[in-house]
Amino acid sequence: MKDKDLISIEDLLKNPEVKKAAGDINQELIERRKNIPPKCDVFTSPYTVLKDNDDFKFSIDREARKQLPDIIDKKVQSIVGLDSTEESFKQRYCKKYNIGIVFSGGPAPGGHNVIAGLYDAAKNTNSQTSLFGFLLGPDGIIENETIEITASLVDSYRNLGGFTMIKTGRAKIDTKEKMSLSKETCERLGLDALVIVGGDDSNTNAAFLAQELIEDGIQVIGVPKTIDGDIQVRDTEGNVLCAMSFGFHTAARAFANAISNLCTDSSSDVKYWHICKVMGRVASHLALEVALQTHANMTLIGEDLSNYIDKERIEKAEKEGAVDYHAYGMTLRHLSRVICDGIVRRAAVGKNYGVIVLPEGVLEFINEIQIFIIKLNTIIAEYNQTHDTDFHADFLALKDKLEYLRRLARLAREDASFSIWNTRDDDLFNDIPAFFQEGLLMERDSHGNFQFSQVETEKVLMGLVKDYLNILKENGTYKIGIEKSYYRKTLEKGGLDPDYFGPILFANYDDSEFLLIKASIISIKTLKQALEKEGVILKDEKIPAPVEKLYQKSVPKFKTQIHFYGYDGRGNDPTRFDCNYTYNLGLTVFSLVANGSTGQMAGIMNLEKDFSKWEPIGIPIAPLMHLEERKGKLALVLEKSLVDVNSTSFRVVKELLYILSVS
Ligand code: FBP
């Protein structure tokens, strides 16, 4: 085509078909935005009231009572719909509110619908009500950076993933100064209520803000968000108040879809082990759910590993009248061996490929790593406190950080009372690869949490797996099993008698469908020696071609592809479940605000049941708090919910779906 025949780019861009194809609005997006999720029954009434529910009990931490005196005795609040009410209630309920909302921590699908639910309920009650969105997370509160949330803004984000509308951040309002700046912002905006949409740490922060702002009449309401699924609330009797945080359902589905596709690819291509690290900073809920949905070949569950007890070592020590402390808890090396065992067993039945799911936080459950993390958290926190500076700014390069640790180890040698970092710690730490040392020393997040997503967990573990597989290959244990029918066909095609060669070549010729070359045959040289020894060939004769071909097929190459499922799934558009859940959480927030609640987290009971059984509630945050180590000190926080290895779901999945068993 000549240049003069080309349509000009201006005309091309005006073309409606081109506009449609290159535009960022598509039919699916239009449909998504239009969807208005159904409301729980109580929200179909024009008003709601709250009823304290005494059926649920909590065991209250003494420190929580001390630090959160005004909100510690709050009860679970059930929401009841009202079709008509007294004028005075109406006046109070339908007043003009100023409400501020913030997203805190990692994005989770459904956040926009929390805003949409809150916006719809608030504006339906009083169109004069203002909803402010704090920008870029809690920093937006500290710095008074807001936008007013309008109808068109809400409409353009309904049912869409991410936290794009007002963004998010990981700042924590954890100092007197930040607290007073936040208070100032709330007062300036004339806020009646502040809504914090976040994970365990952010809801902890919500409780402290609720306590701080109570005298100013500013209510604080939390919303349980995190793809990690580790905000699950039960009372002391095990009654479930919040089965899962929002975003978990979507992220698990997204990860499972992608990993399921990999399972298909892996069993078609039959040459790779796909190593899939799945987000979940500490808890392995996402990995467990992925195992359930994909039936990956192996899944590690961190919480299962920490229960590990090496019975053999314990018995041996007992016989010697000693205690072997290393027998409790899984070591990194042992874990790599358990993985190798799975790989070797699959290879033996001809499958030198597969999919392994690793939870991002798996290292948290490995004894030696956990000890390093706790020690280094304390060292960094103490350094920052003593020097009123930042450890990471003062020691930029890894070698400087290591030198500082070495100094501490020297100190420990001179002064026995100094025990945080001794020579043994230093020696063990120096055995770790540099990239992993760097990972363990990296900056903690603003809540003092170790940032697992930044550590190449899979690289650490798979490095050890590769090393050990090489050893197993050399000692003849790691081999690919050859299907008997294929063996027979290959030999017969080459004019050789399979039953003559079988017992010479294989360790299990008579009793298996998958034949394993004898452990002593680990190279062409040893194969030739075996054939010569049996008199099959003479010294200067060649190995028969079909035999050599079969041997080559039995030699495993361990090839991996590494994947990280995290940020991608976190950015997904919410599933129908999360759309409905979050929209109703937004409606719940408004009901709590309009009824004067504070220090409560919006929740919905019976999520596992049919939508008609969903019950919106307010869950008191303060009674859920307990003491935990943070930044080297004990701090009052909302307890993270880990995978319960005695739960029905875990036990069933472990039994049926190839969870790596360590017991
Ligand atoms: P939240 O607990 O704040 O919801 O974040 C969870 C998470 O998605 C983890 O799964 C992951 O470890 C972490 O965020 C990643 O954090 P970042 O976005 O700061 O890299």
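What you see is a predicted model; the values in this text were computed from it and never measured.
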Q | Nearest-0.5 Å distance that lies between atom CZ in Arg158 and atom CG in Asn35 | A | 9.5 Å
Q) Between Gln293 and Ala256, which heavy-atom pair has the shortest distance, and what is it? A) OE1-CB, 3.3 Å
Q. How about Leu636 and Leu68: do any of their side-chain heavy atoms sit closer than 4.5 Å?
A. yes
Q: State which residues pass ring-ring contact (aromatic ring centres under 6.0 Å, His included) with Phe564; sequence neighbours excluded, sorted by chain then number.
A: Tyr567
Q. Is the shortest heavy-atom distance from the side chain of Pro38 to the side chain of Asn580 under 4.5 Å?
A. yes
Q) Partners of Phe365 by ring-ring contact (aromatic ring centres under 6.0 Å, His included), sequence neighbours excluded? A) none
Q | Met625 to Ala207 - nearest heavy-atom pair and separation | A | CE-CB, 4.2 Å
Q) Stepwise, does the side chain to side chain contact (heavy atoms under 4.5 Å, CB included) test hold for Asn113 with Asn159? A) CA-CA 6 Å; Asn113 270 20; Asn159 307 300; 2.9 Å; yes
List, one per line, each side-chain donor-acceptor pair under 3.5 Å for residues 139-147, sequence neighbours excluded.
none

Q | Point-to-point distance, once rounded to the nearest 0.5 Å, from CD of Gln370 to OG of Ser306 | A | 7.5 Å
Q: Provide the full list of side chain to side chain donor-acceptor pair (under 3.5 Å) pairs with a residue in residues 121-132, sequence neighbours left out, each pair given once.
A: Ser130-Glu148
Q) ring-ring contact (aromatic ring centres under 6.0 Å, His included) with Tyr97: which residues, sequence neighbours excluded? A) Phe590
Q) Tell me, do Arg32 and Asp573 make a side-chain contact under 4.5 Å, heavy atoms counted? A) yes
Q: Evaluate the criterion side chain to side chain contact (heavy atoms under 4.5 Å, CB included) for residue pair Asp52 and Gln77; output intermediate values, then yes/no.
A: CA-CA 5 Å; Asp52 277 356; Gln77 295 177 308; 3.6 Å; yes
Q: Please check if the side chain of Asp200 supplies one atom and the backbone of Ile231 the other of a donor-acceptor pair under 3.5 Å.
A: no
Q) Does Glu86 CD have over 12 foreign heavy atoms under 6.0 Å away? A) no
Q.
Tell me which pairs pass ring pair (Phe, Tyr, Trp, His ring centres under 6.0 Å) where either residue lies in residues 118-170, with sequence neighbours left out.
A. Phe103-Phe163, His112-Tyr157
Q | Closest non-hydrogen atom pair, Ala296 against Val357 | A | CB-CG2, 3.7 Å
Q | Contacts of Thr48 that satisfy side chain to side chain contact (heavy atoms under 4.5 Å, CB included) - sequence neighbours left out | A | Phe43, Ile79, Tyr93, Ser591, Asn595
Q. Could you give the distance from NZ (Lys613) to CD (Glu608), rounded to the nearest 0.5 Å?
A. 11.0 Å
Q: State whether a side-chain donor-acceptor pair under 3.5 Å links Thr250 with Asn572.
A: no
Q.
I want to check something: taking the side chain as every heavy atom from C-beta on, are Leu585 and Ile604 in contact at a cut-off of under 4.5 Å?
A. yes
Q: Verify, without hydrogens or angle tests, whether Asp216 (side chain) and Ile218 (backbone) share a donor-acceptor contact under 3.5 angstrom.
A: no
Q: Find the distance between CD1 (Ile619) and OG (Ser597) and round it off to the nearest 0.5 Å.
A: 11.5 Å
Q) Considering residues at least two apart in sequence or located in another chain, which fulfil the side chain to side chain contact (heavy atoms under 4.5 Å, CB included) criterion with Lys57? A) Thr236
Q. Salt bridge (Lys or Arg N to Asp or Glu O under 4.0 Å) between Lys654 and Asp304: does it pass, once the steps are laid out?
A. CA-CA 10 Å; Lys654 181 165 174 168; Asp304 190 30; 3.3 Å; yes
**Q.** Qualifying residue for side-chain contact (heavy atoms from CB on, under 4.5 Å) with Ile99, from Leu191, Val589, Val195
**A.** Val195
Q. Can you find a heavy atom in the side chain of Leu286 that is under 4.5 Å from one in the side chain of Ile227?
A. yes
Q. Any idea which heavy atoms bring Ser641 and Ala283 closest together, and the distance?
A. O-CB, 3.7 Å
Q) Is the backbone of Arg281 close enough, under 3.5 Å, to the side chain of Glu360 for a donor and an acceptor to pair up by distance? A) yes
Q: Ignoring hydrogens and angles, tell me if any N or O in the side chain of Asn606 forms a donor-acceptor pair with the backbone of Glu615 under 3.5 Å.
A: no
Q: Indicate yes or no: does Asp155 engage Arg33 in a salt bridge with an N to O separation below 4.0 Å.
A: no
Q. Which side chain to side chain donor-acceptor pair (under 3.5 Å) pairs, counting each pair once, include a residue from residues 222-231, with sequence neighbours left out?
A. Asp230-Lys640
(Q) With heavy-atom distances below 4.5 Å as the criterion, would you say the side chains of Val278 and Ile259 are in contact? (A) yes
Q) Should Gln91 and Glu87 count as side-chain neighbours, where that means a heavy-atom distance under 4.5 Å? A) yes
Q | Of all pairs that satisfy ring pair (Phe, Tyr, Trp, His ring centres under 6.0 Å), the ones with a partner from residues 601-628, not counting sequence neighbours | A | Phe577-Trp614, Phe611-Trp614
Q. In terms of side-chain geometry, is the basic nitrogen of Lys183 or Glu187 positioned less than 4.0 Å from the acidic oxygen of its partner?
A. no
**Q.** Side chain Asn297, main chain Val355, donor-acceptor under 3.5 Å
**A.** yes
Q. So, Thr204 side chain and Leu638 main chain: donor-acceptor pair closer than 3.5 Å or not?
A. yes
Q.
Could you check whether any side-chain N or O of Thr598 sits under 3.5 Å from a backbone N or O of Val220, counting only pairs where one atom can act as donor and the other as acceptor?
A. yes
Q | Side-chain donor/acceptor of Gln211 to backbone N/O of Asp70, under 3.5 Å | A | yes
**Q.** Candidate pair Cys40 and Leu587, rule side chain to side chain contact (heavy atoms under 4.5 Å, CB included), full reasoning
**A.** CA-CA 9 Å; Cys40 290; Leu587 301 176; over 6 Å; no
**Q.** Heavy-atom pair with the smallest gap, counting every atom of Pro620 and Phe58
**A.** CG-CE1, 3.9 Å
Q. Does NZ in Lys96 sit with more than 12 non-hydrogen atoms of other residues, nucleotides or ligands closer than 6.0 Å?
A. yes
Q. Listed by chain and number, what are the side chain to side chain contact (heavy atoms under 4.5 Å, CB included) partners of Ser647, not counting sequence neighbours?
A. Asp644, Ser649, Phe650
Q) What do the steps show when you test His285 against Gln232 for side chain to side chain contact (heavy atoms under 4.5 Å, CB included), and what is the final call? A) CA-CA 11 Å; His285 298 293; Gln232 296 175 2; 3.4 Å; yes
Q.
Regarding Asp61 and Lys66, does a basic nitrogen lie under 4.0 Å from an acidic carboxylate oxygen?
A. no
Q. Which value, rounded to the nearest 0.5 Å, describes the distance between Ser104 atom OG and Ile196 atom CD1?
A. 7.0 Å
Q: Just jot down the side chain to side chain contact (heavy atoms under 4.5 Å, CB included) partners of Leu82, sequence neighbours excluded, or say none.
A: Tyr47, Val49, Thr85, Phe89
Q | Check: Cys186 and Leu213 side chains under 4.5 Å, non-hydrogen atoms | A | yes
**Q.** Pairwise distance OG1(Thr44) to CG(Asp83) - rounded to 0.5 angstrom
**A.** 7.5 Å
